Amino acid sequence: MLDPKLLRNDLDAVAESLRSRGFELDKGAFQALEDKRKALQVETENLQAERKRKSKEIGIAKAKGEDASAILAEVEAFGDRLTECEQALAALQTELRELQLGIPNIPHESVPPGDSEDDNREIRTWGTPPQWEFEPLDHVDLGSKVGGLDFETAAKLSGSRFAVMSGPLARMQRALIQLMLDTHIGEHDYREVYVPYLVNPDSLLGTGQLPKFEEDLYKLRGERELYLIPTAEVPVTNIARDEILNEEDLPLRFTAHTPCFRSEAGSGGRDVRGMIRQHQFEKVELVQLVKPEASYEALEQLTGHAEAILQKLQLPYRVVVLCSGDMGFSAAKTYDIEVWLPGQGKYREISSCSNFEDFQARRMQARYRPQGSKKTELLHTLNGSALAVGRCLVAVMENYQQADGSILVPEALRPYMGGLERIPATA
RNA sequence: GGUCAGGUGUCCGAGUGGUUGAAGGAGCACGCCUGGAAAGCGUGUAUACGUUCAUAGCGUAUCGAGGGUUCGAAUCCCUCCCUGACCGCCA
């Protein structure tokens, strides 16, 4: 959510920056609602103050045993008007809030303008795509060679966009998770957290998935309103919801491994082959809660923490900064890390690292108290995948493939796989 | 899942319709006292929103959440959530 004061005082400038990300803010509608709200709120609060005074007087009068009917009549005289105002104001504030909850974040000044991913800007590359004598296979074909990657069985169990993994591949996925967590805990100073995979609507509102993107989520049936998490960002960031943290506790850095569940509504037909786009996938997430002045430095750091995993795995990648039109709803600035996939002959997203500034914090009322200050201040929140485990497994398979269809195990993973050096081709 | 008991400020804890945003205590901050410290004494100590140049004043709301009764609700009624105890079940 944007700062309501910014919206009130700088509507034109806000609308202008939002246009750069393809969002048309209805200035007239907002202004009209806001004008009404202001008048009505002032009137309502004045009437409430009046009632409060009078009610107190009635109390005093009755305590003294005096007749209070005169004051009572006075309150009754404007009682209806008050009720009317209160109801109208509540309706108006709901409307205004819904409007505000639907407005995306303002891009940071360093974000390149643009309409689509074609306008994203490459920041740096690391490593070089491997060259082979043979024609590289993609991970689906490699899966058939080494065995243990089964989409047919998954379709029987659940449907499309699911996978059953077994044997060394299943173990390698687990090894990746361990490598990632151990690196972030041991080398990057994150605290591991275990969190619920089912969350309530308030949490999803806090991070920005609701109210606008409900169709991307899996919602449980039943008397309680619960959703499957689309990313650990939701439960982990919401740890700070409705909290006031001490300045000396900042920054907070959390890492969590969770499965993620996405309906992929609207992505029909894209990446139908293989494990790139699944309804369920594993991810190790990084979340940082920081002081506002530290958030852009933190974004660079956090992106580096995600890159470190790819470097350990010796996987070629590049970092791109998303243009204004390609960013997610809540982000002020996002770096995507794209790993080289030989099977597709291109770089594909494997991580997305964002600074949300105070956008999520305002929705969540996640604050801290600067030392010596009476006033609370909104935190800045950041998160990034480090990494998307399923896609990382795909990247390892494809980049480490051998002419005979076997897959070498990256050095960094061997300790987690009982020293296994190669997954042999069996077919 | 069942029965019972509860959810009040940073914490403990009072408060069953009326000058209650909320007694009292602890903690914390500042001041006094002291050679210094402790003790003691004094003062202060929630959040959000609105108004506003203002994090100054003023106003409104908030005692788990939402609704209701009332001139007036922490206190009464309804629904839900959470916590604890016991029973059942279970990884």
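Order of the sequence lines fixes the chain letters, A, B, ..., with proteins taken first and strands second; residue numbering starts at 1 for each chain. The structure presented is a predicted model; accordingly, all values stated were derived computationally and were not measured. Heavy atoms only: backbone and side chains are in, while hydrogens, waters and symmetry mates are out.
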With rounding to the closest Å, how many angstrom separate the C1' atoms on A73(B) and G17(B)? 6 Å
G64(B) to A23(B) separation - P atoms, rounded to the nearest Å: 16 Å
Just by distance, no angles: are the side chains of Lys283(A) and Thr231(A) close enough, under 3.5 Å, to form a donor-acceptor pair? yes
Separation between the C1' atoms of A14(B) and U75(B), rounded to whole Å: 13 Å
Under 3.5 Å on both distances, the Watson-Crick or G-U partner of A46(B): U62(B)
Separation between the C1' atoms of C76(B) and C87(B), rounded to whole Å: 32 Å
C53(B) to U45(B) separation - P atoms, rounded to the nearest Å: 27 Å
Using a distance-only test with no angle check, is there a side-chain donor-acceptor pair under 3.5 angstrom linking Ser203(A) and Asn200(A)? yes
C1' spacing across the pair C33(B) / A39(B), given as an integer number of angstrom: 11 Å
A61(B) phosphate, OP1 or OP2: any side-chain N/O from Lys52(A) under 4.0 angstrom? yes
Between A61(B) (C1') and Leu47(A) (CG): distance, integer Å: 15 Å
What does nucleotides 44-50 of chain B look like as a protein-contact string, B for base, S for sugar-phosphate only, - for none, at under 4.0 angstrom between heavy atoms? ---SSSS
For Gln48(A) and Asn9(A), take the nucleotide of RNA chain B holding the closest heavy atom to each; which residue's nucleotide lies nearer the 5' end? Asn9(A)
Does a donor on one side chain sit under 3.5 Å from an acceptor on the other, for Thr381(A) and Gln360(A)? yes
Return the pairing partner of G88(B) with a 3.5 Å limit on both distances, Watson-Crick or G-U wobble; otherwise return none. none
Short N-O contact, Arg391(A) and Glu398(A), less than 4.0 angstrom: no
Whole-Å P distance, C28(B) and C11(B): 15 Å
Ignoring hydrogens and geometry beyond distance, is a side-chain donor-acceptor pair present between Glu338(A) and Tyr317(A) at under 3.5 Å? no
What pairs of nitrogen or oxygen atoms, one from the protein and one from nucleotides 71-74 of chain B, lie under 3.5 Å apart?
{"residue": "C71(B)", "atom": "O2'", "partner": "Ser55(A)", "partner atom": "OG", "Å": "3.2"}
{"residue": "G72(B)", "atom": "O4'", "partner": "Ser55(A)", "partner atom": "OG", "Å": "3.1"}

